[in-house]
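Down below is the structure, laid out as structure tokens.
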Amino acid sequence: MRIVVKWGGSLQQNSGAIADDIAALWPGHRIVVVHGGSRDIDDTVAELGLPRRTLRSPDGMVTRYTDAATLTALMMAMRGRTQARIVSELAARGVTAAGLSGMDGGLVRTRRKAAVRAVFGESVRVVRDNLAGKVVGVDTRVLEALHSCDILPVVCPPGMTAEGEPTNVDADRMACAIAAAWRADRLLLCTDTPGVLADRDDPASVVPELDRDAAAELVATLGGGMRMKVAAAVEALDHGALAVQVCDGRVEAPIAAALRGSGTLIGKGRGPI
């Protein structure tokens, strides 16, 4: 069984429970961990005296404004803080893990968005110094090589262009692209909500299941990070992933609970795997 776990950057307080579940599944299942690092990035940006800025696209997607200084801070935070912590958590449970960025081994290939349109107040402007990219390819050979040595890959942004330029990519989109290219049986998007909610103010209104088309229609109605997650899930299904599950990473035994069917399953094959 191939499982990709997206370990949300907001789940530091429950990292031990997530690591426990991964250790219990490994090595009986082949696992890739993909992580973000929003809290660590914000802390590092603040420590370096840099502004925390975001861009809102005309269709409502919000992303981090990544100029050259912010990209450096992002790499420092995710490799030096978030990833090091995850690798350490896994090692403490007997799991040998290797930290990678999307640049390593040509894992995640990107194309930089040379110009993006963003909303500033009442106007829309073109931004040209944003070092963000779109994932255009994934080479899974480095993942296969690590698994052949019983080493669990732990992956984070950035990705890299054909010219060798690092570019920031959303970690949810990176996880979905890896899951699709690797033909994962399940992608678990562990986050700080119970799943996709019918009513964003009611945590009990979890939508248990969505097919691909229903998820695509829902994207425009969602806000915040959930909008990006569901949009990325649709992309993953379109390119080879079998199922994507948005699940609560804050609960006891979060991955085990997800594999028993909690959260929102997008795609085929609801139920335990």
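For the numbers below, each heavy atom of this structure counts, side chains included, while hydrogens, waters and symmetry mates do not. Predicted, not measured: the structure shown is a model, and the values here were computed from it.
Environment of NE2 in His147: crowded, with over 12 heavy atoms of neighbouring residues, nucleotides or ligands closer than 6.0 Å. Annotation for Arg117: atom CZ does not count as buried by contact number, only 12 or fewer foreign heavy atoms lying within 6.0 Å.
Contact record, Ala198 with Val207: N-CG2, 3.8 Å, taken as the closest heavy-atom pair. Gly133 approaches Val169 most closely through the heavy-atom pair O-CG1, 3.2 Å. Taking each heavy atom of Cys190 and Gly249 in turn, the nearest pair found is CB-CA, 4.2 Å. Met103 approaches Gly159 most closely through the heavy-atom pair CG-O, 3.5 Å. Of all heavy-atom pairs between Ala19 and Glu89, the closest is CB-CB, 4.0 Å. For the residue pair Ala215 and Val230, the shortest heavy atom distance occurs at O-CG1, 3.5 Å.
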* Please test Ile3 against Met1 for side-chain contact (heavy atoms from CB on, under 4.5 Å), starting from the C-alpha separation and ending with a verdict. => CA-CA 6 Å; Ile3 302 171; Met1 188 70 64; 4.0 Å; yes
* Chi angles and distances behind the side-chain contact (heavy atoms from CB on, under 4.5 Å) call for Val87, Arg85 -> CA-CA 6 Å; Val87 170; Arg85 186 167 56 246; over 6 Å; no
* Start with the C-alpha gap between Val138 and Thr140, add the side-chain angles, then the distance that decides, and say whether side-chain contact (heavy atoms from CB on, under 4.5 Å) holds. => CA-CA 6 Å; Val138 174; Thr140 61; 4.0 Å; yes
* To do: Before giving the answer on side-chain contact (heavy atoms from CB on, under 4.5 Å), spell out for Val206 and Leu197 the whole-Å C-alpha distance, their side-chain angles and the decisive distance to 0.1 Å.
  => CA-CA 4 Å; Val206 176; Leu197 304 179; 3.7 Å; yes
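The backbone N or O of Ala84 lies less than 3.5 Å from no partner atom in the side chain of Ser88, so there is not a single donor-acceptor pair. Without hydrogens or angle criteria, Thr66 side chain to Thr70 main chain gives no donor-acceptor distance under 3.5 Å. Of the possible polar contacts, one joining the Gln245 side chain to the Ala258 backbone as a donor-acceptor pair under 3.5 Å is found. Although no hydrogens or angles enter the test, the distance criterion places a donor-acceptor pair under 3.5 Å between the side chain of Arg250 and the main chain of Asp192. With hydrogens and angles disregarded, a donor-acceptor distance shorter than 3.5 Å links the side chain of Thr72 to the backbone of Ala68.
Residues Tyr65 and Pro51 have side chains not in contact (no heavy-atom distance under 4.5 Å, counting atoms from C-beta outward). Residues Val135 and Arg109 have side chains not in contact (no heavy-atom distance under 4.5 Å, counting atoms from C-beta outward). Between Cys176 and Leu187, the closest side-chain pair of non-hydrogen atoms falls below 4.5 Å. Looking at heavy atoms from C-beta onward, Glu165 lies in side-chain contact with Arg112 at the 4.5 angstrom threshold. Residues Val127 and Phe120 form a side-chain contact, since some pair of their non-hydrogen atoms from C-beta on lies under 4.5 Å apart. Within the 4.5 Å cutoff, side-chain heavy atoms of Trp182 are placed close to those of Val4. Leu90 has its side chain out of reach of Thr96: every pair of non-hydrogen atoms, C-beta onward, lies at least 4.5 Å apart. In this structure, the side chains of Val155 and Gln83 stay at 4.5 Å or more apart for every pair of heavy atoms.
Under the 4.5 Å side-chain heavy-atom criterion for ILVMFWY residues, no single connected hydrophobic cluster contains both Val234 and Val246.
Remark: Arg52 does not engage Glu47 in a salt bridge, criterion side-chain N to carboxylate O under 4.0 Å. With respect to the salt-bridge test (charged N to carboxylate O, under 4.0 angstrom), the residues Arg93 and Asp21 do not qualify. In summary, Arg2 and Glu144 engage in a salt bridge, as defined by a charged side-chain N under 4.0 Å from a carboxylate O. Electrostatic pairing of Arg79 and Asp104 counts as a salt bridge here, judged by a charged N lying under 4.0 Å from a carboxylate O.
The CG atom of Leu259 sits 8.0 Å away from the SG atom of Cys247 when rounded to the nearest 0.5 Å. Between the NE2 atom in His239 and the CZ atom in Arg183 there is a gap of 9.5 Å [rounded to 0.5 Å]. A distance of 4.0 Å separates CD1 in Ile41 from CG in Leu74, rounded to the nearest 0.5 Å. Atoms NE2 and CZ, on His29 and Arg186 in that order, are 11.5 Å from each other to the nearest 0.5 Å. Taking OG1 of Thr63 as the start and CE of Met228 as the end, the distance is 6.5 Å to the nearest 0.5 Å. Leu210 contributes atom CG, which lies 10.0 Å from atom CD of Glu217 (distance to the nearest 0.5 angstrom).
With Ile31 as the partner, the side-chain contact (heavy atoms from CB on, under 4.5 Å) test is satisfied by one option alone out of Val154, Leu188, Leu152: Leu152. With Lys229 as the partner, the side chain to side chain donor-acceptor pair (under 3.5 Å) test is satisfied by one option alone out of Thr264, Asp170, Asp172: Asp172. With Arg64 as the partner, the side chain to side chain donor-acceptor pair (under 3.5 Å) test is satisfied by one option alone out of Thr54, Asn168, Asp42: Asp42.
Side-chain contact check for Thr110 and Thr167: at least one donor-acceptor pair (N or O, by modelled atom type) lies under 3.5 Å.
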